[in-house]
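Only this structure's heavy atoms are used, side chains among them; waters, hydrogens and symmetry mates stay out.
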Amino acid sequence: PTFKDRDIKTINRKAIQDFLTKQAKTYSKSYLKSMRVTLCMTLAWAEQNGYIQQPNGWLDGIRLPRETHGRKVTRTELKPEETLAFVSRMKEPYSTLVLLLASVGMRGESAIGLKPSDLDGENVLHVRRVLYDGHEETLNDEEQEEFPLDAVVHADLLRRLRAQGAGAEWILHSRAGTPLNLGNARRRYLHPTAAAIGVTIGGWHDFRHTLNRMARRNNVHPVVISGVLGHKKVELAPEVYDRASSADIRDALI
């Protein structure tokens, strides 16, 4: 809304900095980082396509305000046994949702938008739509994603997805047949299960964050990680999703 009626040619570095400072009164540092990344990606594309002209490097090093507000979300890197505990303790379809997010790093909004026809006979999972607050958004060809699942490695996940989607409109659905509500499911099922396991978890995105960090520690190439997470830029994963733990830093100093 801040920029919707503004001529894009007038959006400069100061405008971005002022915008982030204003938003810091309401949002957390995590939200501000996402806003900065989105703005920079959009404006870089506009610059590359001749919509705006700015000095070289004008989007580099834009700082976030030191003081931020809003709810701070704690992201937890889950151990494999902790993830399995979620899968085993949660009832369906939430158990399969956890396994899906933890196995392929899919966004929750994409996972709840899957239909049985999105899983083809070659075990490729096609993301063709996302659901935000119950509203369906169809993705264009460039936005759609594919997740080729292995018949052996992902055997349990494939079996669950096909069983959950049998005869239904949505693969992951409520008892009434409607798509899952991620916010409601987080409060009613995810957080109580986390408390029972004895871990702190911010939300469904923690499984995606965990997969990203595990891939990085297993020396998976950043381009491949970016492809798995569906990022348009390779830099997005380390900037938004990853951080060095004390163990990482200790190992680097050995």
Side-chain angles (χ1 to χ4, degrees), residues 1-73 75 105-111 113 126-147 182 202-203 205 208-209 211-213 215-216 220-244:
T2 301
F3 296 109
K4 70 183 182 73
D5 296 322
R6 182 166 176 171
D7 186 345
I8 193 171
K9 295 179 182 178
T10 68
I11 301 177
N12 53 24
R13 186 183 181 91
K14 182 178 183 302
I16 300 173
Q17 200 75 66
D18 290 345
F19 168 77
L20 293 173
T21 300
K22 182 177 180 181
Q23 298 304 315
K25 299 177 182 178
T26 305
Y27 295 100
S28 67
K29 187 175 182 179
S30 176
Y31 272 92
L32 292 176
K33 288 176 68 176
S34 297
M35 291 178 186
R36 180 179 62 184
V37 169
T38 302
L39 276 170
C40 289
M41 288 179 63
T42 302
L43 292 169
W45 179 90
E47 185 178 18
Q48 292 169 6
N49 288 273
Y51 290 99
I52 54 176
Q53 289 185 339
Q54 293 287 353
N56 290 334
W58 72 290
L59 293 172
D60 296 338
I62 294 178
R63 296 183 178 182
L64 296 177
R66 290 189 176 183
E67 184 177 349
T68 60
H69 300 275
R71 183 172 65 92
K72 183 177 180 180
V73 178
R75 294 297 179 197
M106 186 181 295
R107 297 177 180 86
E109 295 81 7
S110 300
H126 301 265
V127 175
R128 299 184 171 108
R129 70 197 66 78
V130 293
L131 295 180
Y132 292 108
D133 297 325
H135 300 287
E136 180 180 346
E137 179 182 332
T138 302
L139 303 176
N140 60 41
D141 292 342
E142 292 184 356
E143 295 171 327
Q144 292 183 18
E145 298 176 89
E146 293 184 355
F147 294 88
L182 290 176
H205 242 49
R208 179 173 164 88
H209 281 244
L211 182 66
N212 170 66
R213 292 171 190 167
R216 189 252 296 169
V220 177
H221 195 283
V223 172
V224 177
I225 296 177
S226 177
V228 170
L229 297 179
H231 289 159
K232 300 301 182 184
K233 283 197 170 185
V234 175
E235 296 84 0
L236 224 60
E239 182 170 356
V240 177
Y241 282 80
D242 207 356
R243 70 173 185 271

(message) Under the criterion side-chain contact (heavy atoms from CB on, under 4.5 Å), I'd like the reasoning laid out for Glu136 against Leu131: C-alpha separation, chi angles, the key distance, then a yes or no.
(response) CA-CA 5 Å; Glu136 180 180 346; Leu131 295 180; 3.5 Å; yes
(message) Quick check on Arg63: does its CZ atom have over 12 non-hydrogen neighbours (other residues, nucleotides or ligands) under 6.0 Å away?
(response) no
(message) Please give me the minimum heavy-atom distance between Leu59 and Ala44, naming the atom from each residue.
(response) CD1-N, 3.8 Å
(message) Main chain of Asp60, side chain of Arg13: is a donor-acceptor contact present, judged purely on distance under 3.5 Å?
(response) yes
(request) Measure from the side-chain N and O atoms of Gln17 to the backbone N and O of Ile62, and report whether any donor-acceptor pair falls under 3.5 Å. (result) no
(message) With rounding to the nearest 0.5 angstrom, report the NZ to CD distance, Lys9 to Gln54.
(response) 11.5 Å
(message) Tell me the closest heavy-atom pair linking Leu182 and Gly108, and the distance in Å.
(response) CD1-C, 3.5 Å
(request) Supply the atom-to-atom distance Thr2 OG1 to Asp18 CG, rounded to the nearest 0.5 angstrom. (result) 11.0 Å
(request) To the nearest 0.5 Å, tell me how far Arg36 CZ sits from Lys29 NZ. (result) 8.5 Å
(request) Of all the heavy-atom pairs spanning Thr68 and Tyr27, show the shortest one and how long it is. (result) CB-O, 3.6 Å
(request) Starting from the C-alpha separation in whole Å, work towards a yes-or-no answer on side-chain contact (heavy atoms from CB on, under 4.5 Å) for Val127 and Arg107. (result) CA-CA 10 Å; Val127 175; Arg107 297 177 180 86; over 6 Å; no
(message) For Asn140, I'd like to know if atom CG has over 12 heavy atoms of other residues, nucleotides or ligands within 6.0 Å.
(response) yes
(request) Classify the angle between the aromatic ring planes of Phe3 and Phe19 as parallel (below 30°), tilted (30 to 60°) or perpendicular (above 60°). (result) tilted
(message) How close do Ala24 and Glu67 get, counting heavy atoms only, and between which atoms?
(response) CB-O, 3.6 Å
(message) Taking Glu137's backbone N and O only, do any of them form a donor-acceptor pair with Arg129's side chain (distance below 3.5 Å, no angle check)?
(response) no
(message) Whether the side chain of Gln144 engages the backbone of Leu139 through a donor-acceptor N/O pair (distance < 3.5 Å, no angle test) should be reported.
(response) yes
(message) So which atom in Leu43 and which in Ile16 form the shortest heavy-atom distance, rounded to 0.1 Å?
(response) CD1-CD1, 3.4 Å
(message) Please check: side-chain N/O of Asn49 versus main-chain N/O of Tyr51, any donor-acceptor pairing under 3.5 Å?
(response) no
(message) What's the separation between atom CD in Glu146 and atom CZ in Arg128, rounded to the nearest 0.5 Å?
(response) 8.0 Å
